[in-house]
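Step one of this worksheet: look at the structure below.
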Amino acid sequence: MCGCIFKKAYGYTTGGGILMALQQITDIKHRLAETTKTVRQTKRAVLFSHVEAVPTMKPLQIYQSSGKSYKGERFYWENPEGNLTLCGMGVAAKLQPGADSVGRFSQVKDQWGALLSMASVNHCLGEMATGPILFGGFSFMEGETGPIGLWEDFGDYLFYLPRFLLTESANGTFLTSTKLITEDCDDCSIERFLEDREQLMSLSPAMVEEIPSFSHVEERDVEKWKEAIERSVEDIRTGLLDKVVLAREVSLHFEGKIPSGTILHNLTEQQPGSFIFGVESGESCFLGASPERLIKKEGKQIFSACLAGSIKRGDDARTDEQLGLELWNDEKNRSEHEFVVSMMRKAMEEQCIELDIPQEPILMKLANIQHLYTPVKGTSLPNSSILEFVELLHPTPALGGAPRKIAMEKISEYEQMERGFYSSPVGWMDMKGNGDFAVGIRSGLIKGGQASLFAGCGIVEGSVPESELTETKVKFKPMLNALGGLRI
Ligand SMILES: C=C(O[C@@H]1C=C(C(=O)O)C=C[C@H]1O)C(=O)O
Ligand SMILES: [Mg+2]
């Protein structure tokens, strides 16, 4: 049933706006009463979701001010184009690994399908990323993250269907309120639903919390990491594999709890052109500023990226241009890049009816680094879901290696750490199987007063351990700057 009475975004401040606001309340009351009746009659739960246009609310400010009520259950997302920002708060439903024998991507698809089969949504606004959406991600390697340890709050995958979702796009600001209405639910009354919504809409911007004083840094053995690169180069020379991405971890300790909202705020200011993402779980928050899109699906249109090959930015325009040229002409970096392009082409040909991948890369210039970048566009087969693309592409040789299986084995053997959600698909998807996933790099895990940062490099035949180490230092910069401009 559709109880939506307007199709355009209106604020509530005008006389007409107040009428609109009242109409929303009437609409919710009516739909929720109907839903409750249906639940009682059929004895089956309904996922009730209400989308409405609201006056401008800034998602990042709301992320910060909703910390009191929803800490540990929030997410934040900003796309690099700057035309979509999301903030999720609370949990209407949570997707986590079950005992099913099917793979994790199929599990998510099935669990999502089951939730949507009982959904009642006033989705007539038709705005992107409104209504029930899932937000979250997968770990890098299935079965790697145990029930204890650094990534204990995340597991093989974690997705939220938020209780409240704030969506800011070029068309306005939208609030989606979602709740699972069950027969024996204590807090499913219409009054309670409206109260919670009212409380959310009246949140006022919170002060930006300060980052506590830095205490010390803990680094895994750098010499061992360099040895792993030497061994990888040897594996490549003997023909065992073509490329492998090796990452390392640096842990920073602070005198008090690190506020994720402040780090996200700094990342948005310091890293334009990147995905800014944050996903909380319990006491942990995985966040970062990734320049790399894994997959975006909008109807039949598919967008992805090959991003591999790196060099630092220059201090002035001339040096910067020279460094860019050096990168573009460098055989070792071009080969790192080419393994990604060739895998991408092969994989996408399976799932797309049209595909557009340029012959040569261009440069992507970010605040601290420049990369070789080949944009990918395609038209998908009908009725496909973004999850199928996530499964197909993850991990590309930009984060795993080539061939994939051997590279994954070597990563486990050589890295000796849990990547958790680092370098993994992080993003959102909607009811129709559209959405956007970034690769969770330039990222870290915040837990109390500890920030564990990760950075890796594509190892190919021409790799030199010391230069790869320097490359990781450049890749740590976005997170180090967001944490207050630390140097390590
Ligand atoms: C592995 C990372 O980045 C990847 C590796 C790159 C490289 O080695 O040149 C470049 C971009 C990313 O695909 C990272 O940032 O941690
Ligand atoms: Mg590299």
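FYI, side chains are in, hydrogens and waters are out, and symmetry mates aren't considered; it's all heavy atoms of this structure. Counting begins at 1 with the first residue of the sequence. For ligands, and for the atoms within them, numbers begin at 1 and follow the listed sequence.
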May I have the N/O to N/O pairs between ligand 1 and the protein that fall below 3.5 Å, each with atom names and distance to one decimal?
{"from": "ligand 1", "atom 1": "3 (O)", "to": "Arg442", "atom 2": "NH2", "distance (Å)": "3.3"}
{"from": "ligand 1", "atom 1": "8 (O)", "to": "Glu336", "atom 2": "OE1", "distance (Å)": "2.9"}
{"from": "ligand 1", "atom 1": "8 (O)", "to": "Gly458", "atom 2": "N", "distance (Å)": "2.8"}
{"from": "ligand 1", "atom 1": "8 (O)", "to": "Glu471", "atom 2": "OE2", "distance (Å)": "3.0"}
{"from": "ligand 1", "atom 1": "8 (O)", "to": "Lys475", "atom 2": "NZ", "distance (Å)": "3.1"}
{"from": "ligand 1", "atom 1": "9 (O)", "to": "Gly309", "atom 2": "N", "distance (Å)": "2.9"}
{"from": "ligand 1", "atom 1": "9 (O)", "to": "Ser310", "atom 2": "OG", "distance (Å)": "2.5"}
{"from": "ligand 1", "atom 1": "9 (O)", "to": "Glu336", "atom 2": "OE1", "distance (Å)": "3.2"}
{"from": "ligand 1", "atom 1": "9 (O)", "to": "Glu471", "atom 2": "OE2", "distance (Å)": "3.1"}
{"from": "ligand 1", "atom 1": "13 (O)", "to": "Glu292", "atom 2": "OE1", "distance (Å)": "2.8"}
{"from": "ligand 1", "atom 1": "13 (O)", "to": "Leu307", "atom 2": "O", "distance (Å)": "2.7"}
{"from": "ligand 1", "atom 1": "15 (O)", "to": "Arg442", "atom 2": "NE", "distance (Å)": "2.6"}
{"from": "ligand 1", "atom 1": "15 (O)", "to": "Arg442", "atom 2": "NH2", "distance (Å)": "2.9"}
{"from": "ligand 1", "atom 1": "16 (O)", "to": "Tyr422", "atom 2": "OH", "distance (Å)": "2.6"}
{"from": "ligand 1", "atom 1": "16 (O)", "to": "Gly456", "atom 2": "N", "distance (Å)": "2.8"}

(request) With 2.8 Å as the limit, jot down which protein N, O or S atoms are around the Mg ion (ligand 2). (result) Glu336 OE1, Glu471 OE2
(request) Would you please classify the geometry between the Trp151 ring and the Phe421 ring as parallel, tilted or perpendicular, with 30° and 60° separating the classes? (result) parallel
(request) Give me the ring orientation class for Phe138 and Phe159: parallel if the planes are under 30° apart, tilted from 30 to 60°, perpendicular past 60°. (result) perpendicular
(request) Report yes or no: is the cationic atom of Lys94 (NZ for Lys, CZ for Arg) under 6.0 Å from the centre of the six-membered ring of Tyr160, at an angle within 45° of the ring normal? (result) no
(request) Could you tell me the separation between the CD1 atom of Ile302 and the SG atom of Cys352, rounded to the nearest 0.5 Å? (result) 5.5 Å
(request) Give a yes-or-no answer on whether the side chains of Asp320 and Gln370 include a donor-acceptor pair shorter than 3.5 Å. (result) yes
(message) Checking His337 against Thr374: is there a side-chain donor and acceptor pair closer than 3.5 Å?
(response) yes
(message) Can you confirm whether more than 12 heavy atoms, excluding those of Glu331, are under 6.0 Å from its CD atom?
(response) no
(message) Between the side chains of Arg104 and Glu391, is the shortest nitrogen-to-carboxylate-oxygen separation below 4.0 Å, so that they form an ion pair?
(response) no
(request) Would you kindly check if the NZ (Lys) or CZ (Arg) of Arg220 is within the cone defined by 45 degrees around the ring axis of Trp225 and under 6.0 Å from the six-membered ring centre? (result) no
